[in-house]
Number of protein chains: 2
Amino acid sequence: MHELTARQAEILAFIREHLASEGRPPTRPELARAFDLTSTNGVQKHLMALAAKGAIELIPNAARGIRLLQEAGLPLVGRVAAGSPVLAIENVLGRYPVDPSMFNPRADYLLQVRGLSMRDEGILDGDWLAVHRTSEARNGQLVVARLGNDVTVKRLKVRGTKAELIPANPDFQTLHLDLTRDSLEIEGIGVGVIRNLTAAVAPPARKVHRL
Amino acid sequence: MHELTARQAEILAFIREHLASEGRPPTRPELARAFDLTSTNGVQKHLMALAAKGAIELIPNAARGIRLLQEAGLPLVGRVAAGSPVLAIENVLGRYPVDPSMFNPRADYLLQVRGLSMRDEGILDGDWLAVHRTSEARNGQLVVARLGNDVTVKRLKVRGTKAELIPANPDFQTLHLDLTRDSLEIEGIGVGVIRNLTAAVAPPARKVHRL
DNA sequence: CCGGCAGGTGATAATGTTTTCACCATGCAC
DNA sequence: GTGCATGGTGAAAACATTATCACCTGCCGG
């Protein structure tokens, strides 16, 4: 999908909100009113641009025939490849119908937790950690941190230039960092945990495309 | 909300499905086609009946102006009052935007877990257990069981007429039951766990009515 | 300095959709 | 058996919505 222009992103956001608050997509006149356009044709062109870029699908001759694509839920991030951004395509295992607003602050993605380093806080191997993307974390928060090429989930403690990444399992060691030397990048904070109790991970429940 | 007739329930179910699969509510002609009605007026009457019973809201003069009411997510059940059905109104704390199809089998409600009897499986006090409503459970499954007036979450083990409800915490005792004497009602099986890591429980994220 | 793209106005035809007429049949409670 | 709720047909008017025409502006890169 090509990059959207600022205007197109605004319009896409409005469609998303309308869908959430009204339960149906907007019409072109509704969009025109929302953006103070006097002609529905301006809207139509934006919609066609969004459709061309793969952000939406337009169903011909259907009232409110606007369908959001690739909007179903949050991406599930598996093992993070060394050096790659967390949300890089190669790390994403699929999309799952989790409502971002279920957690506070909003969840941006799901991270599949590996290992038992947070076992005593009830976070087990394979659990999904709902992560709010931010580079700012406060003392005591559960953070998704990047240390060099590794991504890890721990409790954060900061004192001046010293930082600690504290596991919740006596079998694991607390990581002591000197912020004047070591690089500590916060990828986000953990806002929720989701565990599937039955069998293997189900395939994404909501299909993105339709033929 | 009054009870729906079988026909009305069918139509409501179709609207729900259409919304999930197409991303927008159906029109009256679409409903008529789906139910082999030759006139949209038959549909219209059903819709008005559903609206009168509070199942949907009809927005006048709006294409696809059908809005589902009380359909936002799953009910969260708190402490279950003695002797009352799990889903009795007095037990429901609110509705939360959890997609039932996120788990397999489908989640029917969320049960707020009390106590630490399943701690070693990573189910902590206050966690939400996604429950699939069924009276049949297999050996080894996590069950929501009713023992007299109490509702409890444990692993189930059955051998002939003997049943065990096994906690995951050495501080708690396994419950031994003789099915010829004791009553063991299975309310459902646990299919998932959801934990909110940040502060207090957020209010329901999606309003149900709109004025 | 010119072509192309994003973002517009304004108008209209064609189509989709809601709403309301009048009328009919069945089952069930009182 | 009469009244009422439910579940229908068929048709038409009114309104909502999509789609497409012609034409305009400003910005940017070659």
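Please read these numbers as outputs of a predicted model, since none were measured by experiment. First the proteins, then the strands, lettered A, B, ... as listed; each starts at 1.
The separation between A/Arg24 atom CZ and C/dT18 atom P is 10 Å, rounded to whole Å. Remark: P of C/dG7 and CG of A/Leu4 are 10 Å apart, rounded to the nearest angstrom. Put simply, CG on B/Asn41 is 13 Å from P on C/dT18, counting in whole angstrom units. The nearest whole Å value for the distance from the CG atom in A/Leu58 to the P atom in C/dT15 is 19 Å. Between the CZ atom of A/Arg7 and the C1' atom of D/dT25 there is a distance of 15 Å, given to the nearest Å. Atoms CD1 (A/Ile59) and C1' (C/dT17) sit 16 Å apart, rounded to a whole Å. Straight-line distance from the CD1 atom of B/Ile66 to the P atom of C/dG16: 18 Å, rounded to whole Å.
Put simply, the side chain of B/Ile194 does not reach to within 4.5 Å of the side chain of B/Asp127, judged on heavy atoms. Between B/Val144 and B/Ile186, the closest side-chain pair of non-hydrogen atoms is not below 4.5 Å. Between B/Leu156 and B/Gln141, the closest side-chain pair of non-hydrogen atoms is not below 4.5 Å. Annotation: side chain of B/Leu47 is in contact with side chain of B/Leu31 (closest heavy-atom distance under 4.5 Å). Contact check for B/Asp125 versus B/Arg114: side-chain heavy atoms found under the 4.5 Å cut-off.
Residues B/Asp150 and B/Thr152 have side chains that never bring a donor and an acceptor to within less than 3.5 angstrom of each other.
Panel note: side chain A/Glu17, backbone A/Phe14; no donor-acceptor pair is recorded below 3.5 Å. Counting only distance, with no hydrogens or angles, the side chain of A/Thr40 and the backbone of A/Arg28 share no donor-acceptor pair below 3.5 Å. Side chain of B/His132 to main chain of B/Arg106: a donor-acceptor pair is present (N/O by atom type, distance under 3.5 Å, no hydrogens or angles). Checking side-chain atoms of B/Asn139 against main-chain N and O of B/Val158 turns up a donor-acceptor pair under 3.5 Å.
In terms of position on DNA chain D, the residue among B/Ile11 and A/Glu30 whose nearest nucleotide sits closer to the 5' end is B/Ile11. Mapping B/Ala62 and B/Ala6 onto DNA chain D via the closest heavy atom, the residue that lands nearer the 5' end is B/Ala6.
Among all heavy-atom pairs drawn from A/Asp178 and A/Lys162, the shortest one is OD2-NZ, 3.7 Å.
Side-chain N/O atoms of B/Arg64 include none lying less than 4.0 angstrom from OP1 or OP2 on C/dT18. Listed pair A/Arg28 / D/dT18 meets the phosphate criterion, a side-chain N or O lying under 4.0 Å from OP1 or OP2.
Applying the 3.5 Å distance criterion, the base of C/dT15 shares no donor-acceptor pair with the side chain of A/Asn61.
Scanning residues 31-40 of chain A for heavy-atom distances under 4.0 Å to DNA chain C yields A/Leu37, A/Thr38, A/Ser39. Annotation: proximity of residues 42-50 of chain B to DNA chain D (heavy atom, distance under 4.0 Å) is found for B/Gly42, B/Lys45, B/His46, numbered in ascending order.
Between its opening and closing five pairs, the helix from C/dC1-D/dG30 to C/dC30-D/dG1 changes axis direction by 30°, a value rounded to 10 degrees.
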B/Asn41 and B/Ser39: CA distance, side-chain angles, deciding distance, side chain to side chain donor-acceptor pair (under 3.5 Å) verdict: CA-CA 5 Å; B/Asn41 190 36; B/Ser39 165; 5.1 Å; no
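Counting only heavy atoms from C-beta on, B/Gln8 has its side chain closest to D/dG7 among C/dG8, C/dC21, D/dG7.
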